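Notes follow the structure.
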Amino acid sequence: VQLQASGGGLVQTGGSLRLSCAASGTIFSRNVMHWYRQAPGLERELVATITTTGSTNYGDFVKGRFTISRDNTKSTVYLQMNSLKPDDTAVYYCAADQYDYTGTYLEGTGWGRGTQVTVSS
């Protein structure tokens, strides 16, 4: 399984970015997809999750600023980030929980290659 995140960059406070994560080597439509982030010196934290049915959950710090979505036809998960703050500066990663056709959990994919998001004040 390969997960490739992209779309990061440098933005000013209040700006927006849209991250993408393309998955390969997995049956994407069966996966629960996650976005994580890790800032220097801090632990990796969960940003957002989207299930196979499109249900979403977010970290408390998101507070309505981010939106996770998925396109199963492209095996891609997205993270639309608005009203960015300097505290959002981190490397963003995607990860997947894989399930079989019966809905039985198989295994996690681990984190793919991340993308750097830097928010300037």
Side-chain angles (χ1 to χ4, degrees):
V1 178
Q2 289 191 330
L3 300 171
Q4 179 65 57
S6 61
L10 173 64
V11 295
Q12 293 184 333
T13 295
S16 298
L17 283 173
R18 188 193 193 205
L19 306 184
S20 300
C21 175
S24 60
T26 184
I27 303 177
F28 183 81
S29 61
R30 293 180 187 168
N31 295 346
V32 175
M33 300 300 299
H34 311 280
W35 282 100
Y36 287 83
R37 70 184 188 183
Q38 187 167 22
L42 299 179
E43 293 186 355
R44 199 166 303 196
E45 60 183 350
L46 180 63
V47 178
T49 295
I50 186 166
T51 70
T52 56
T53 60
S55 297
T56 58
N57 279 293
Y58 299 91
D60 290 343
F61 56 85
V62 170
K63 295 182 179 178
R65 300 181 298 126
F66 298 175
T67 302
I68 188 172
S69 61
R70 65 190 296 159
D71 185 340
N72 289 343
T73 67
K74 297 181 179 179
S75 296
T76 300
V77 62
Y78 304 97
L79 186 68
Q80 177 67 44
M81 303 188 296
N82 301 325
S83 302
L84 284 163
K85 308 172 183 179
D87 285 350
D88 295 318
T89 296
V91 179
Y92 284 71
Y93 302 86
C94 64
D97 291 327
Q98 302 178 92
Y99 293 80
D100 69 12
Y101 72 98
T102 69
T104 300
Y105 176 76
L106 294 175
E107 63 179 354
T109 60
W111 295 283
R113 188 172 181 177
T115 186
Q116 176 71 48
V117 172
T118 303
V119 184
S120 63
S121 57

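Each residue takes its place number in the sequence, starting with 1. FYI, side chains are in, hydrogens and waters are out, and symmetry mates aren't considered; it's all heavy atoms of this structure. Please read these numbers as outputs of a predicted model, since none were measured by experiment.
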Would you give the length of the straight line joining atom OG of S6 to atom OH of Y92, rounded to the nearest 0.5 angstrom? 14.5 Å
Residue pairs involving residues 104-121 (criterion salt bridge (charged side-chain N to carboxylate O under 4.0 Å, His left out); sequence neighbours excluded): none
Does the Y101 side chain pair with the main chain of R30, one donor and one acceptor, at a distance under 3.5 Å? no
Separation between OH (Y78) and CE (M33), nearest 0.5 Å, reads 11.5 Å
Where at least one partner belongs to residues 52-74, residue pairs that pass salt bridge (charged side-chain N to carboxylate O under 4.0 Å, His left out), sequence neighbours excluded: R65-D88
Check: T56 main-chain N/O paired with T49 side-chain donor or acceptor under 3.5 Å: no
To the nearest 0.5 Å, how far apart are OH in Y58 and CZ in F66? 10.5 Å
Would you give me the side-chain donor-acceptor pairs under 3.5 Å for residues 17-28, sequence neighbours excluded?
residue, atom, partner, partner atom, Å
T26, OG1, N31, ND2, 3.0
T26, OG1, Q98, OE1, 2.7

Hits for side chain to side chain donor-acceptor pair (under 3.5 Å) against T109, two or more places apart or cross-chain, chain-then-number order -> none
Please name all residues satisfying side chain to side chain donor-acceptor pair (under 3.5 Å) with T102, sequence neighbours left out, ordered by chain then number. D100, T104
Which residues, ordered by chain and number, are linked to Y99 in its hydrophobic cluster, where ILVMFWY side chains connect at heavy-atom gaps below 4.5 Å, directly or through other members? V32, Y105
Quick one: do F61 and R37 satisfy side chain to side chain contact (heavy atoms under 4.5 Å, CB included)? Show the steps, please. CA-CA 12 Å; F61 56 85; R37 70 184 188 183; 3.1 Å; yes
Quick one: side chain to side chain donor-acceptor pair (under 3.5 Å) partners of Q2, sequence neighbours excluded? none
With T52, which residues qualify under side-chain contact (heavy atoms from CB on, under 4.5 Å), at least two apart? none
May I have all residue pairs that pass disulfide (SG to SG under 2.5 Å) and include part of residues 24-68, sequence neighbours excluded? none
Could you tell me which residues satisfy side-chain contact (heavy atoms from CB on, under 4.5 Å) with Q38, sequence neighbours excluded, listed by chain and number? R44, Y93
Please identify each residue that fulfils side chain to side chain donor-acceptor pair (under 3.5 Å) with T51, with sequence neighbours left out. T53
